[in-house]
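Keep in mind that what you see is a predicted model, and the values were worked out from it rather than measured. Counting starts at 1 for both ligands and their atoms, in listed order.
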Amino acid sequence: MIQYHDGWAFLDTGDSLLDHVMEIMTDAFDPFYGEAWNRHQCNSIMGLPGVYTLVVTIEGKPAGFLLSRTVFDECELLLLAVKPEFRREGVATALFKKLIAKAKIEDTKYLHLEVREKNPALNLYYQIGFREVGRRINYYKSLNGDLYNAITLRFIVI
Ligand SMILES: CC(C)(COP(=O)(O)OP(=O)(O)OC[C@H]1O[C@@H](n2cnc3c(N)ncnc32)[C@H](O)[C@@H]1OP(=O)(O)O)[C@@H](O)C(=O)NCCC(=O)NCCS
């Protein structure tokens, strides 16, 4: 389905979905942290039951996407990324609004995600209403071997 508003298009189906995801992924993630997924990983997971991919294009250009997986009444955010040139315009917030609306329709009770400590994305997650529920010490390893804690966050869907 495609929904439009103000030059933005939200796509959750279609042949171009994977291409858009990979274009955004390549630009958005810092290779230093090794957090980006490759095309094969994305393609494999996007076909699985409960997996939802949502892309925003702005004036036809892929700007941001999220990938989530719902199992029973819980949804996990697997990936979220916005291209640098489209940041701080509310793209990620708009993607979350759609995800939360979908969660309400489907009676999903919780959204979960895990993020590297000190990732600026934490500001976004707290602003949306996620709260910390756990930590995994030294869970992530960067290219130079530095270790980073993972923070687990939860959002209660009401
Ligand atoms: C994190 C990310 C998805 C945010 O996307 P975005 O579209 O710029 O986010 P929004 O415009 O919706 O931001 C909404 C609010 O979140 C907070 N926020 C977002 N990015 C922030 C940053 N880099 N630093 C501080 N606060 C930030 C701000 O409060 C912002 O509101 P404001 O712009 O009015 O101050 C984007 O920076 C990104 O792709 N980062 C690289 C990939 C990544 O780390 N993904 C998350 C882990 S999977």
Side-chain angles (χ1 to χ4, degrees), residues 3-12 17-46 48 50-71 74-103 108 110-144 146-155 157:
Q3 289 180 300
Y4 297 96
H5 71 78
D6 293 339
W8 293 20
F10 294 82
L11 295 70
D12 60 9
L17 218 52
L18 180 60
D19 288 337
H20 288 341
V21 164
M22 291 318 299
E23 183 180 325
I24 298 159
M25 186 100 68
T26 305
D27 283 6
F29 283 96
D30 183 344
F32 180 75
Y33 297 108
E35 292 167 343
W37 295 16
N38 64 34
R39 191 175 181 94
H40 175 71
Q41 289 170 311
C42 290
N43 193 33
S44 305
I45 201 154
M46 281 166 66
L48 295 180
V51 172
Y52 178 61
T53 310
L54 183 63
V55 167
V56 180
T57 64
I58 298 182
E59 289 163 4
K61 295 179 193 148
F65 78 93
L66 65 72
L67 189 63
S68 69
R69 177 173 46 199
T70 301
V71 178
E74 302 200 358
C75 173
E76 183 184 6
L77 183 79
L78 301 172
L79 283 173
L80 169 75
V82 174
K83 278 191 177 192
E85 64 265 38
F86 294 112
R87 287 186 189 162
R88 307 304 289 265
E89 293 180 32
V91 171
T93 304
L95 286 164
F96 265 112
K97 278 188 184 160
K98 299 268 182 207
L99 184 66
I100 292 166
K102 181 174 176 298
T108 302
Y110 304 108
L111 306 184
H112 294 279
L113 63 85
E114 200 162 63
V115 60
R116 174 175 32 85
E117 192 172 24
K118 299 201 171 87
N119 186 332
L122 270 165
N123 294 299
L124 165 75
Y125 299 142
Y126 287 129
Q127 181 169 306
I128 285 169
F130 280 85
R131 294 295 173 256
E132 180 175 334
V133 289
R135 267 170 198 249
R136 292 178 176 177
I137 305 302
N138 295 337
Y139 185 71
Y140 296 108
K141 194 176 193 176
S142 66
L143 279 188
N144 70 356
D146 286 351
L147 299 173
Y148 298 86
N149 298 338
I151 302 184
T152 309
L153 302 173
R154 184 174 73 172
F155 176 91
V157 181

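The residue from L99, V55, V21 that alone fulfils the side chain to side chain contact (heavy atoms under 4.5 Å, CB included) condition with L66 is L99.
Counting heavy atoms from C-beta outward, F130 and L122 have side chains that stay 4.5 Å or more apart. Contact check for F155 versus R131: no side-chain heavy atoms found under the 4.5 Å cut-off.
Looking at N123, its side chain does come within 3.5 Å of a backbone N or O of P120 through a donor-acceptor pair.
The line from SG of C42 to CG of L79 is 6.0 Å long, rounded to the nearest 0.5 Å.
The residues K61 and E23 are annotated as not salt-bridged, no charged nitrogen and carboxylate oxygen being separated by less than 4.0 angstrom.
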Expected rows: ligand 1 N/O, protein N/O, dist below 3.5 Å:
residue  : atom   : partner : partner atom : Å
ligand 1 : 7 (O)  : A92     : N            : 3.0
ligand 1 : 8 (O)  : R88     : N            : 2.8
ligand 1 : 11 (O) : R88     : N            : 3.4
ligand 1 : 11 (O) : E89     : N            : 3.4
ligand 1 : 11 (O) : G90     : N            : 2.8
ligand 1 : 12 (O) : T93     : N            : 2.9
ligand 1 : 12 (O) : T93     : OG1          : 2.6
ligand 1 : 29 (O) : Q127    : OE1          : 2.8
ligand 1 : 33 (O) : R88     : NE           : 2.9
ligand 1 : 35 (O) : R88     : NH2          : 2.8
ligand 1 : 37 (O) : R87     : NE           : 3.4
ligand 1 : 39 (O) : V82     : N            : 2.8
ligand 1 : 39 (O) : V82     : O            : 3.3
ligand 1 : 39 (O) : R87     : NH2          : 3.4
ligand 1 : 44 (O) : N119    : ND2          : 3.0
ligand 1 : 45 (N) : L80     : O            : 2.8

